[in-house]
Amino acid sequence: MEYLLNSEEMKRCDLTTIEKIGMPSMVLMERAALSVIEELASFDLTKVLIVCGSGNNGADGYAVARLLHLQKIAVDILFIGNEQKRSPENNQQKKIAEYYGVKSVKDIEINQYTTIIDALFGIGLSRPLSGKYAEVITKINQMNVEVLSVDVPSGISADNGKVMGCGIKATKTVTFAFNKVGLVLYPGAAYAGMVKVKDIGITEAGFEEEFPKVYSYTIEDLAKIPKRNPYSNKGTYGKILVIAGSKNMSGAAYFSAKAAYRMGVGLVRIVTPEENRQIIQSLLPEAIVTTYQKKQLDGDWLMDAINWASVIVIGPGMGGSEEAHYLLSKVLSISEVPLVIDADAINILAKEPGLLQHNKQNIILTPHIGEMSRLTDKPISEIAENIIEVAERFAKEKKLTCVLKDARTIVTEGNRGTYVNTSGNDGMATGGTGDVLTGVIAGLLGQGLSVVEAARLGVYIHGLAGDAAAAKKGAYGLLADDVCEAINDVVK
Ligand SMILES: NC(=O)C1=CN([C@@H]2O[C@H](COP(=O)(O)OP(=O)(O)OC[C@H]3O[C@@H](n4cnc5c(N)ncnc54)[C@H](OP(=O)(O)O)[C@@H]3O)[C@@H](O)[C@H]2O)[C@@H](O)CC1
Ligand SMILES: [K+]
């Protein structure tokens, strides 16, 4: 697990480390500068320009300049800011750098530098950039030169990845102590380039029990996958009911069911229109298939199926027909088991929010941004820009676990910690991958994980499977089936 901090949390951690624990600010800064030097190994250091602001990010820049200069590397400093506003550390680092003879310049000469180090603004950026700051950032972005950003690319909000007027497009960002939300969410993630988190002596002790709210998973979190039991049978790992598909739309049911099997489930039953029976039985003979005819939903079969299940997936490829509506309302009113509600079932809920009045603790809703826009009546751009807040508010209001799918999928119950997913790739933006995700989550629910844990881990594993598939086949032609097949490269 990796914490993702906002600037307020990072500042509090800095302050506790300095003032309560007693680690001197200049010691932390020296380690920060040394960690930047380490990460410069792959850059062309024939001639380096360090652009410094007036805060402590700029102070880091002066320290890096001095360390490079003492290694006999040609380095210039360009200060952009207000002399009167220099922080105490900035003044001190400037004085030390000048003592050793580091050269300052007044402007950037194009084509002179092989590397630029961006130490204009870090976590102290507090408003949009304009004037001389915007001019220098635009100029750097136009130069054909590698850029290392110190802590955060200048102009990017560490809180949410938004571009504050304009932002440095870095090759690499060396960030200190902990990763930041704004380096993981887009567009910040794209501006940051490769992100390296470096230890500079600030630890979790600096949180003083008030832990950061947002986090992501790392490969160690795969240990959360439930262990297999040697005395098990096929019912031990869950009985998954997949209510999916509509006339001549069988793929979604297939992907969901197959992904649940790949995730380790022993029994999957698909409820789908009669027209899909043959194709599903030939594609996935392992599945139990229960079919219904148009306008013939009465009878005990549906109750039997709902009562049989330990987990229900509803929605993929289901369409918005009368039958789909009936199935969703029945499941919502009768079922007591964990539910994964996706795709067309979400669109039905958007039209009829009353269906979601419930007292259950066990619903996972998996909208993508377009579906969330329909659910909340908010424009897509507003959701994309405030993805964490929108997901949290929705989950809290509707009392469920929200999986808001985007390049960085968010998983949240609304009030406790919020998960931001970092696995996966753009090749996965293709039909059917969402159905695979519902199957993976259902598979984990079937094996006994809590609702929110199954959602988080499911999203993480799904992304890793996409990465494994892209590593084999490339991202361009990736198919949902490739992602499904690659689940077992991740879950061995
Ligand atoms: N000892 C430590 O604490 C450690 C700190 N470390 C380093 O310090 C960094 C944080 O330093 P920081 O807090 O000084 O903030 P920083 O990002 O330099 O910017 C603040 C300055 O920018 C200004 N400003 C803001 N927005 C602006 C705008 N739009 N346009 C113009 N000006 C604007 C703001 O001015 P003001 O808002 O007051 O007008 C202020 O002068 C952190 O990222 C890490 O690199 C590490 O070395 C580890 C140890
Ligand atoms: K910076």
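Counting starts at 1 for both ligands and their atoms, following the listed order.
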- Message: Please confirm whether Ser126 approaches ligand 1 to less than 4.0 Å, judged on its heavy atoms.
- Response: yes
- Message: If you round to 10 degrees, what value do you get for the angle at the K ion (ligand 2) between Ser154 atom OG and Phe121 atom O?
- Response: 70°
- Looking only at protein heavy atoms, identify the closest one to atom 41 (O) of ligand 1 and say how far it is in Å. Ser54 OG, 3.2 Å
- Looking at Ile18, which atoms of ligand 1 are within less than 4.0 Å of one of its heavy atoms? 1 (N), 2 (C), 3 (O)
- Could you list which atoms of ligand 1 come closer than 4.0 Å to a heavy atom of Ile200? 48 (C)
- Message: Under 3.5 Å, is there a donor on one side chain and an acceptor on the other for Asn57 and Asp151?
- Response: no
- Message: Would you say that more than 12 heavy atoms from the other residues, nucleotides or ligands in this model lie under 6.0 Å from the NZ of Lys351, or not?
- Response: no
- ligand 1 versus Pro128, non-hydrogen atoms closer than 4.0 Å: side chain, backbone, both, neither? backbone
- Flag: protein heavy atom within less than 4.0 Å of atom 9 (C) of ligand 1: yes
- Item | Metal proximity, Ser149 vs the K ion (ligand 2), N/O/S cut-off 3.4 Å | no
- 4.0 Å heavy-atom contact, Leu15 with ligand 1: no
- Message: So, 3.4 Å as the limit: is an N/O/S atom of Val150 located closer than that to the K ion (ligand 2)?
- Response: yes
- Query: Angle class for the Tyr62/Phe79 ring planes (parallel below 30°, perpendicular above 60°, tilted otherwise)?
  - Reply: tilted
- Item | Metal-centred angle, OD2 of Asp118 through the K ion (ligand 2) to O of Val152, rounded to 10 degrees | 80°
- Item | Aromatic contact, Phe178 with Phe207 (centres under 6.0 Å) | yes
